[in-house]
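A short worksheet on the structure shown next.
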Amino acid sequence: MDLLRHLRHFVVVAHELHFGRAAELLGMAQPPLSQSIQRLERELTVELFDRSRRQVRLTTAGELLLGEAEELLAGADRVRHLMGQVRAGELGVLRAGVPPETPAVTLRALLDGLTTRAPGLDVELHELTTAEQVRMLAERTLDVGLVHHPVPADGLRFGVPVDVPLGVLLPRAAPLARGRTVALASLAELDLVAAPRATAPGWHDHLLAVCRRHGWRPPRVRPARNPEFLFGLVLAGGAVAVEPATVARREPRIAWRPIDGVSLVRRISAAWPDRSAHPAAPMFGQLAAEVLAGAEPVAPAPAPVPAARPWPVLFDTTG
């Protein structure tokens, strides 16, 4: 028996005290409505309406049931609304991961956007590398993250990707910083400062492969987990980094130059489990794409160079 449906029918009839008008309000025929009330009466083993007179009246049982029924139906509506908010990702706790190098302005925009779109959502933001996020997503100890591609796609869904243009970070006083662009082959004697391979193996291997294809085989790859340490290694001389332009903005002694003849980008997207995902994960992914796409400044126009295809591209594949 669908008790809530029968109670809804009862409440309308109790307010109208007229089966015909109640049926019209409910959008149903009168005979099924009468049968619904009769079934409710049989279930509760009471008479709810006095039908002995020309005008329908509530019995004592009906009067007592009306208040209880309205409260029960209101509670059911609240439960449905609450569960609707949960399904829409507007309530609950969202455990989200972001790369350690994420700029403060990007984090602020992301958190502000989440507050606007889902004010009832409690967001737990964690600073995690791509490798850590992939592992925790598989373990279901993280709901959604922002990862650097390429990453294994097994068991994951991805949001809209954003391609972030990369260039060379070098001391502003270095001779190579005098040009508008830097060729990778011109870095032949310099080390590369980059995040440890364990943090994002796919991206690390891809970056080195691109460097080798374009004439730069770094003598050493110096690991740096945070921007301040990266800046220190670059400023010490003998090493450069390949990063987005926003990284250079944190240190006035560092210059950023586009790479000559190579359209190299870092692809970032949200990732979440492909099964039993948190309802807010797709919304987080869409918002992150919007924030990241708006966070990258327009790079200085490089000098005209022959290019196989327009800027930007996902990964350089030119030989």
Leu128 CG to Arg95 CZ distance, which is reported to the nearest 0.5 Å = 11.5 Å
ask   = Should Val93 and Glu124 count as side-chain neighbours, where that means a heavy-atom distance under 4.5 Å?
value = yes
query = Taking a hydrophobic cluster as the set of Ile, Leu, Val, Met, Phe, Trp and Tyr residues connected by side-chain heavy atoms closer than 4.5 Å, whether directly or through intermediates, do Val134 and Ile268 fall within one such cluster?
reply = no
query = Have Glu70 and His15 got a donor and an acceptor in their side chains that come within less than 3.5 Å?
reply = yes
ask   = If you measure from CG on Leu137 to CG on Leu142, what distance do you get to the nearest 0.5 Å?
value = 4.5 Å
request  = List for me each residue that meets side chain to side chain contact (heavy atoms under 4.5 Å, CB included) alongside Arg42, sequence neighbours excluded, and say none if there are none.
outcome  = Gln38, Arg39
task = Treat each ILVMFWY residue as a node, draw an edge where side-chain heavy atoms are under 4.5 Å apart, and state whether Leu65 and Leu3 are in one component.
result = yes
message = Could you check whether any side-chain heavy atom of Leu187 comes within less than 4.5 Å of a side-chain heavy atom of Leu170, counting everything from C-beta outward?
response = no
ask   = Phe19 vs Phe49 aromatic rings, parallel, tilted or perpendicular, using cut-offs 30° and 60°?
value = perpendicular
ask   = Given side chains that start at C-beta, do those of Arg140 and Ser276 come closer than 4.5 Å, heavy atoms only?
value = yes
query = So, do Phe229 and Val193 sit near enough that their side-chain heavy atoms are less than 4.5 Å apart?
reply = no
query = Do Glu101 and Asn226 have side-chain heavy atoms sitting under 4.5 Å apart?
reply = no
ask   = Which atoms form the tightest heavy-atom contact between Glu189 and Pro219, and what is the distance?
value = O-CG, 4.1 Å
message = Is the distance between the ring centroids of Phe284 and His278 under 6.0 Å?
response = no
message = Do Val182 and Val262 land in one hydrophobic cluster if side-chain heavy atoms of ILVMFWY residues count as linked below 4.5 Å?
response = yes
query = Checking Glu132 side chain against Thr129 main chain: does a donor-acceptor pair fall under 3.5 Å?
reply = yes
key: Between CG on residue Asp205 and CZ on residue Arg197, distance to nearest 0.5 Å   = 4.0 Å
key: Plane angle bin for Trp203 and His206 - parallel if under 30°, tilted between 30 and 60°, otherwise perpendicular   = tilted
inquiry  = What's the separation between atom OG in Ser269 and atom NE2 in His149, rounded to the nearest 0.5 Å?
reply    = 2.5 Å
message = Hydrophobic cluster membership, with links at side-chain heavy-atom distances under 4.5 Å among I/L/V/M/F/W/Y: are Leu94 and Leu156 in one?
response = no
Minimal non-hydrogen separation, Leu66 against Leu58, with atom names = CD2-CD1, 4.3 Å
